[in-house]
Amino acid sequence: MIVTRFAPSPTGYLHLGHALAALTAFELAAKADGRFLLRIEDIDRARSKSQFEAAIREDLAWLGLSWVEPVMRQSDRLPAYRAALKELDDMRLLYPCFCTRREVAAEIARAGTAPQGPEGPLYVGTCRALSDEERRRRIAEEIPYALRLDSHAAQTRVGELSFHESGLGPRGERGRIAVNPLLFGDVVIARKEMPTSYHLAVAVDDACQGVTLVTRGNDLFAAAHVQRVIQALLGLPAPDYAHHRLVCDERGRKLSKRDRSASLRSLREQGVAPETIRSQLGLERISETPAMRRF
Ligand code: GLU
């Protein structure tokens, strides 16, 4: 059975790009008589607001979508993330990183040519070289730290991995994709203020919710590499992926939550109908199937 999900962060109002993501996931589930889930990704505690969560539900319902209740909220899931961190730590794959953002940037500048990752230059590994004694000293001094994945050690442990892409990556990637465990370098697995990062939470939650098909914008295509590594390390099942095109503004830039004019809320206020949104996005009418009504 196909289980898809739409996993927005409640840090602003949904826009047309979110509508495409939600409708794509919903349709794939409805066509296959599967299940469509909504998950609230609110680990950014400073930016997440309950009013945005309420608006997400309202906007999705207005679009004609329904989902399985209860909705999973990541801020309720911290014990599960801590358990996953412990597993990774027991495998000796994590190390504390005490660097501030500024120090990370300074190290990259000093290194001259730091390798590039999907989101910019990769962490050069300053804290990987600290002795156990130095780590203990800094922890005792209560210097805040994130936890990073030792990507080379993780690569050795997982061996060759792949994932299946049934949509399209940003460069037309499709089919069986070989995973590069070094793509994001020693990626942050737990933030300084949170016992998780985006990647760990997504991998743990997709598995917990039985998600079989991850649908989302292709700006997150690269993330599948690191998420697949985390799944393998934790012995979690591997979902398939269906990444879709992004919705861009008239200048060709990906829509962001700052583009108020493209928010579903403001379109609704202007009297735009959900059907118009669907056709603007190049989608047909939702077919009234029995599966749909069950969500
Ligand atoms: N929460 C992420 C976002 O709002 C999406 C995560 C995902 O679909 O994997 O961009």
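Positions are given from 1 along the sequence. Just the heavy atoms: all of them, side chains too, but no hydrogens, waters or symmetry mates, feed the values below. Order of appearance sets the numbers: ligands from 1, and atoms from 1 within every ligand.
- Among all non-hydrogen protein atoms, the one lying nearest atom 10 (O) of ligand 1 is L220 CD1, 4.2 Å.
- In summary, R73 and E41 do not engage in a salt bridge, as defined by a charged side-chain N under 4.0 Å from a carboxylate O.
- A cation-pi contact, defined as under 6.0 Å to the ring centre and within 45° of the axis, is absent between R228 and F163.
- Residues Q227 and Y198 have side chains that bring a donor and an acceptor to within less than 3.5 angstrom of each other.
- At a 4.0 Å cut-off, at least one heavy atom of Y198 sits close enough to ligand 1 to count as contact.
- In the candidate list R5, R216, E41, Q227, E41 is nearest to atom 6 (C) of ligand 1, counting heavy atoms.
- Exactly one of R35, R5, R57 qualifies for a side-chain contact (heavy atoms from CB on, under 4.5 Å) with W67. That residue is R57.
- Aromatic ring orientation, H15 versus H18: tilted (interplanar angle from 30° to 60°).
- Relative to atom 4 (O) of ligand 1, the option among G217, A224, G17, S9 with the closest non-hydrogen atom is S9.
- Nearest protein heavy-atom neighbour of atom 5 (C) of ligand 1: A7 O, 3.4 Å.
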